[in-house]
Amino acid sequence: MLRAERIFKSFGALQVTKDVSLEVPTGRRHAIIGPNGAGKTTLFNLLAGELLPDEGRILIGEQDVTRFAPDRRARRGLSRSFQKNNLFLSGTVRDNLVLADIVAQGYGFHFWRRLSDNRSAQEKTAAIAEQIGLAELLDHGVSELSYGAQRQLEVGLALMAAPKVLLLDEPTSGMSPEETGRMLQLIDDLPRDLAVLLIEHDMDLVFSHADRITVLNYGEILMEGTPQEVRGSDIVQETYLGGKTAQEQC
Ligand SMILES: Nc1ncnc2c1ncn2[C@@H]1O[C@H](COP(=O)(O)OP(=O)(O)OP(=O)(O)O)[C@@H](O)[C@H]1O
Ligand SMILES: [Mg+2]
């Protein structure tokens, strides 16, 4: 569904992405792990189209989207949520979802009124709110929501584009255990044919919720494999987990 082929990216002299290739088929739960500054978010920015690679190709299905802007990629089925909050804080949950729908469809702001009155848009908004566990809070102001609920809404914004591939950048960062549990449930309950590419620091979560893991280190792929392979890998133990086993790390 999503394929990156031999991607390179530098910021000046700093090479942040080095020869990264990745394949995310339909339905895959794929995690990207790696220390701070390993280039995980940069890779997402490259995949989503916020950054242009210096070299390499990105494909969604059979379509080469390497030079497509983010909104064009989104219309091809690639959606993302951000590591930092990206919400319209003075609006309600519903406003944010409707706005995401407008953006996803490439409409200008003047379509706002028409779209928010539109019945199918309202049904879609209600369905996504249900999916992200915020159905009861549709008309609540975003600034009143808990941090965890705001992050759930972020996932909802990405889902409004009806993606085939969803990129989630540290969806549980800064969350309480209870909020983390809710987010995990949300991710687990996503449609099975949706491919999810997830950046995550929590090893427990990665090993139990991903079926494939890529380990990035200094912009390079240190290894890719199943959770079992990554957990058992000497090179990952030494380089990333500092010689500790994954369980000790947690
Ligand atoms: N726009 C930019 N210009 C210059 N350097 C950048 C830019 N974006 C990221 N970097 C640098 O690239 C490196 C990788 O950053 P990136 O944010 O991709 O790491 P990360 O793996 O997501 O880290 P974290 O776990 O802290 O989120 C860092 O050294 C960062 O300072
Ligand atoms: Mg990051």
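Just so you know, these numbers come straight off a predicted model, no measurement behind them. Counting starts at 1 for both ligands and their atoms, in listed order.
The shortest heavy-atom contact between Leu97 and Leu138 is CD1-CD2, 4.2 Å.
Side-chain contact annotation: Ser173 with Arg151, donor-acceptor N/O pair under 3.5 Å present. Judged by distance alone, the side chains of Thr92 and Asp95 do bring a donor and an acceptor atom under 3.5 Å apart.
Numbered from 1 in the order shown, with element, the atoms of ligand 1 that lie under 4.0 Å from a heavy atom of Glu170 read 25 (O), 27 (O). The ligand atoms of ligand 1 that sit less than 4.0 angstrom from a heavy atom of His201 are 25 (O). Ligand 1 places these atoms under 4.0 Å from at least one heavy atom of Thr41: 17 (O), 18 (O), 20 (P), 22 (O), 27 (O).
Note on Glu55 versus Arg6: no salt bridge recorded, every NZ/NE/NH1/NH2 to OD/OE distance being 4.0 Å or above.
Among the backbone and side-chain atoms of Thr41, an N/O/S atom is found under 2.8 Å from the Mg ion (ligand 2).
Contacts of Val16 with ligand 1, taken as heavy-atom pairs under 4.0 Å, involve the side chain alone. Within the 4.0 Å heavy-atom criterion, neither part of Asn45 lies near ligand 1.
Around atom 19 (O) of ligand 1, the closest heavy atom drawn from Gly39, Gly219, Ser173, Ser10 belongs to Gly39.
How far CG of Leu2 is from CD1 of Ile58: 7.5 Å, rounded to the nearest 0.5 Å.
Considering only residues two or more places apart in sequence or on other chains, Arg67 meets the side chain to side chain donor-acceptor pair (under 3.5 Å) condition with none of them.
By the 3.5 Å distance cut-off applied to N or O atoms, Ala38 is counted among the residues near ligand 1. In terms of polar-atom proximity, defined here as any N/O pair under 3.5 Å, Gly34 makes no such contact with ligand 1.
The cationic group of Arg76 does not satisfy the cation-pi geometry with Phe68, failing either the under 6.0 Å distance to the six-membered ring centre or the 45° limit from the ring axis.
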